[in-house]
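As a basis for the values below, the full set of heavy atoms in this structure was taken, side chains included, without hydrogen atoms, waters or symmetry mates. One-based numbering, in listed order, for ligands and for the atoms of each.
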Amino acid sequence: MNDIFMNTYKRLPVTFARGEGAWLFDIKGKKYLDFGSGIAVNVLGHNYPPLVRAVTEQAAKYLHVCNYYMSDISEIFAEKLIEATSPAGMKKVFLGNSGAEANEGACKIARKYSLLKYGQGRHTIVTLNGSFHGRTITTLAATGQEKFHKDFGPFTDGFVHIQSGDIGALEKALDEKKVCGLLIEAVQGESGIVMQSQEYIAAAAKLCEDRDILLMFDEIQCGLGRTGTFLALEQYKDKSGNPIKADIVTLAKGLAGGIPAGAVLAGEKTCDVLQTGDHGSTFGANPVAAAAGLVVLKTVNDPEFLASVIHKGDILINALKEHHKVNEVRGKGLMIGFDIDSDAWPILEAGVARADNTKNMNGLLMLSAGQKTLRLLPPYTILDSEIDTGINILFELLDAS
Ligand SMILES: *Cc1c(COP(=O)(O)O)cnc(C)c1O
């Protein structure tokens, strides 16, 4: 079966057939605890009743209308999304289908903003080493990891990568004659859960403001409540101690809880840059995705719910710190990474191989990030007791490694 798919993914030997809460079941009925959420996508777990209801009800009404028209449900979704991101200064949204598409939109806005205001030549976008922004030719150009670039050049011009966390390098790279935007993940996901420091984000915000360079946050993995605030950037303050205001924020992955969706959000300075004919996407603002996204927003953007994400994350983080094979636990909320001395992939394999329904043994699904780093992104609806179950399995796997 695998032969008819292009060989783009290194896969584990399991085929899933259904899910329930934080659990997935394979075609043989074996059971696996999900500590990966399909890479930060299934934020409300599997088969979450309000989400299933919203999707099926919307599917029975209409699946799609083109962007010549408005859709009732997409309009409500967009309103809720602006409401949820208004603390970061967001005013308008463009809806698409994926993270790469959202970041492409962000780059287009940054380029046009600068062109209109300053003319040609100020088109460079600065990103950080270790970042991940997508797989298209332009978002690969933005991605600050060489391993993804091999074989696919030439890339879109005008991207510069700098050392993450180095304020001096940032100050030098943000040349106001050449640079239109800075694109950063407050918490880098793909490269192993690396949180930016308070000082770094504050310095970035100040430099961007002084030089009229757009401050753009890629919240595709770290946003949507993953770190305990709706956007991860809400946990940072500027130099005067005020909340960080972004010029652009991108979201995708968990935005519609498992239905493809992406969004570019823009603040005061940038929300009217794109005009009729400048941008588009056939499936953008899809009604089924909007119906699903509305459930995600209503559920996640709630102080009590967000506090529960921190609480669950703390259980996991504190437990991990106790294991002698866990070297450095990073992250916050349910976005956690840690290093081990051995390779991560065999641990993932052992987590899958452990499942055996004749012995009442369950598997554990995890993610890797690089060779020796494990990444845990459980669904927010996971129970405290299920986190304990997962920790026990994980420790057993680490002990045996
Ligand atoms: C996954 C990811 C992307 C790309 O999203 P796709 O939907 O796969 O295109 C971009 N940025 C970050 C931070 C991501 O984690």
Would [X] and [Y] pass as an ion pair if we require N to O under 4.0 Å?
X      : Y      : value
Lys80  : Glu83  : yes
Glu219 : Arg226 : no
Lys269 : Asp212 : yes
Asp26  : Lys31  : no

Considering heavy atoms of the protein only, find what lies nearest to [atom] and give residue, atom and distance to 0.1 Å.
atom                    : result
atom 11 (N) of ligand 1 : Asp218 OD2, 2.7 Å
atom 14 (C) of ligand 1 : Lys253 NZ, 2.9 Å
atom 6 (P) of ligand 1  : Gly99 N, 3.4 Å

Can you find a heavy atom in the side chain of Thr124 that is under 4.5 Å from one in the side chain of Asp157? no

Using a 4.0 Å heavy-atom cut-off, say whether [X] meets ligand 1 through its side chain, its backbone, both or neither.
X      : value
Glu185 : side chain
Ala252 : neither
Ile39  : neither
Glu190 : neither

Looking only at distances, can you tell me whether any N or O atom of [X], backbone or side chain, sits closer than 3.5 Å to an N or O atom of ligand 1?
X      : answer
Phe132 : yes
Gln221 : yes
His133 : no
Ala100 : yes

Point-to-point distance, once rounded to the nearest 0.5 Å, from CG of Leu334 to CG of Leu377: 8.5 Å

Tell me whether the count of non-hydrogen atoms from other residues, nucleotides or ligands lying under 6.0 Å of NZ in Lys178 goes above 12. no

Any chance CD of Gln275 has more than 12 other-residue heavy atoms, nucleotides or ligands included, within less than 6.0 Å? yes

Under a 4.0 angstrom heavy-atom cut-off, which atoms of ligand 1 come close to Ser98? 7 (O), 9 (O)

Short list, please: which atoms of ligand 1 are under 4.0 Å from a heavy atom of Asn103? 10 (C), 11 (N)

Verify the ring-centre separation between Tyr236 and Tyr200: is it less than 6.0 angstrom? no

Flag: protein heavy atom within less than 4.0 Å of atom 8 (O) of ligand 1: no

